[in-house]
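Take a look at the structure set out below.
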Amino acid sequence: MLVIEVTNARDVVRQRMGRLGSRLIGKVVDADAQVEKALIQELETAFKEFGIEARIFSVDGPRMLGRSHLEIPVQVRAERDVRLDNSRLDS
């Protein structure tokens, strides 16, 4: 299992949306959710190319505490099952 914590979501959204977007972060735009949504799309594409089936979750709540502890109050924001197209495997 992999756990990926995006630590600069606000900066990424600010760079992508410009000056106006930076004012909307936290009011209209959930930076974490936006970055996680983009990452899920990229991961799905990469997983399919490698023949990997997976369940990808975007969750709100878990936080890393130092390097060895993970706090896990979990609310699932999004979920996606990555399935392979069987016709691709036959070729």
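Shown here for Glu79 and Asp81, the closest heavy-atom pair between the two residues is OE2-OD1, 4.0 Å. Between Leu84 and Gly51, the closest heavy-atom pair is CD1-O, 3.5 Å. Minimum interatomic distance between Lys48 and Arg83 (heavy atoms only, all atoms of both residues): CE-O, 3.7 Å.
Val82 has its side chain out of reach of Glu53: every pair of non-hydrogen atoms, C-beta onward, lies at least 4.5 Å apart.
A search for side-chain contact (heavy atoms from CB on, under 4.5 Å) contacts involving Leu43 returns Phe47, Ile56, not counting sequence neighbours. For Ala38, there are no side-chain contact (heavy atoms from CB on, under 4.5 Å) partners at least two apart in sequence or on another chain.
Between Glu36 atom CD and Gln41 atom CD the span is 12.5 Å, to the nearest 0.5 Å. Here Ile40 contributes atom CD1 and Thr45 contributes atom OG1; the two are 12.0 Å apart, rounded to the nearest 0.5 Å.
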